[in-house]
*Asks:* 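This is the structure I want to talk about, given as structure tokens.
A quick note: this is a predicted structure, and the numbers were derived from the prediction, not measured. Each ligand, and each atom within it, is numbered from 1 in the order the structure gives. Quick note: residue numbers are just sequence positions, from 1.
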Amino acid sequence: MASTTPAGLQIRPRHLDFNLPSPLPRHWHGGDAFKTHLFDAMSVLFPDGERFFIDSVRQFRDQISDPILKEQIRGFIGQEGHHSREHLEYSNRLRELGYDIGTIERRAQARIRFTQKKFSPERQLAATAALEHITAILADGLLKNPKALDGAIPQMSRLWRWHALEETEHKAVAFDVYNQVCGSRKLLRRAMLMGTFFFVFDTSRGMLHMLKEDGLLWNWRLWRDGLQWTWGKQGIFRPLIGAYLDFFKAGFHPWQHNNLDLLEQFRDEFEPPVSAAA
Ligand SMILES: [Fe+2]
Ligand SMILES: [Fe+2]
């Protein structure tokens, strides 16, 4: 079977305008610098990262004959294209606050250029499938756990929920394309180890820069509370560890983590019910 995304699941981009405030409140996540800059640092990586995902999948588009998977690829490209644009707008708000976003972007772009020049198209796609799993489990955590965005300004909550919703919808597309055109699990696991390293490294680096700019880098209370919020007993990242490790299991597929119920729950926020739209 070419595509194992649940039958009937539509993957379509939603055209939304988030009206992010300008200037953006420096600590828009409940006045908390740690929480805010964790999200900010991930966001800055998305515009280039998601364009890389699109390019990786596009290289194999012509080799896919299954009409359902072809349609899903179209939806995936549309959704990631929109994410990329909205997060670029977000980056511009961070630039306005004086953070050196250009340096973070240039580093990410250099790494992507290196990957595209030196790695085979199959390895690029493996990296995409791996990073899509990371975004999928982060998205699942964000939608499931109200703590993740508790206290954030509404425009930001909405933007992140929209992104998490669409990441969940298309979480298996790159994976299914990879299975069709290559399928090596060894390559996929290696890509995951490398992808995890650079994702954590780049996110941490971005966060450190923003905290330093805020004069909060050596604030021990910020680190204590922030690490508690992420990795503590009730931490938002704790429940994701098992789902992350599942990727390394033989025969893993993203929809083995069936969270269709979350899609049902959050879709209405962005798409009015048919009767209301008619
Ligand atoms: Fe995305
Ligand atoms: Fe994605």
*Asks:* Flag the pair F247 / I134 as yes when at least one side-chain heavy-atom distance between them is below 4.5 Å, and no otherwise.
*Replies:* no
*Asks:* Around the Fe ion (ligand 1), how many protein N/O/S atoms fall inside 2.8 Å?
*Replies:*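 Of the protein's nitrogen, oxygen and sulfur atoms, 5 lie under 2.8 Å from the Fe ion (ligand 1).
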*Asks:* For E167 and H163, which I'm curious about, is there any donor-acceptor pair between the side chains at under 3.5 Å?
*Replies:*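 Yes, a side-chain donor-acceptor pair sits under 3.5 Å.
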*Asks:* Decide whether E50 and H87 meet the rule of one side-chain donor and one side-chain acceptor closer than 3.5 Å.
*Replies:* no
*Asks:* What's the atom name of the N, O or S in E132 nearest to the Fe ion (ligand 2)?
*Replies:* OE2
*Asks:* Heavy-atom distance under 4.5 Å between the side chains of H27 and H37, does that happen here?
*Replies:*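 Of all side-chain heavy-atom pairs linking H37 with H27, at least one is under 4.5 Å.
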*Asks:* In Å, rounded to the nearest 0.5 Å, how long is the span from NE2 of H253 to NE2 of H133?
*Replies:* 11.5 Å
*Asks:* Salt bridge check: are D140 and K171 linked by an N-O gap of less than 4.0 Å?
*Replies:* no
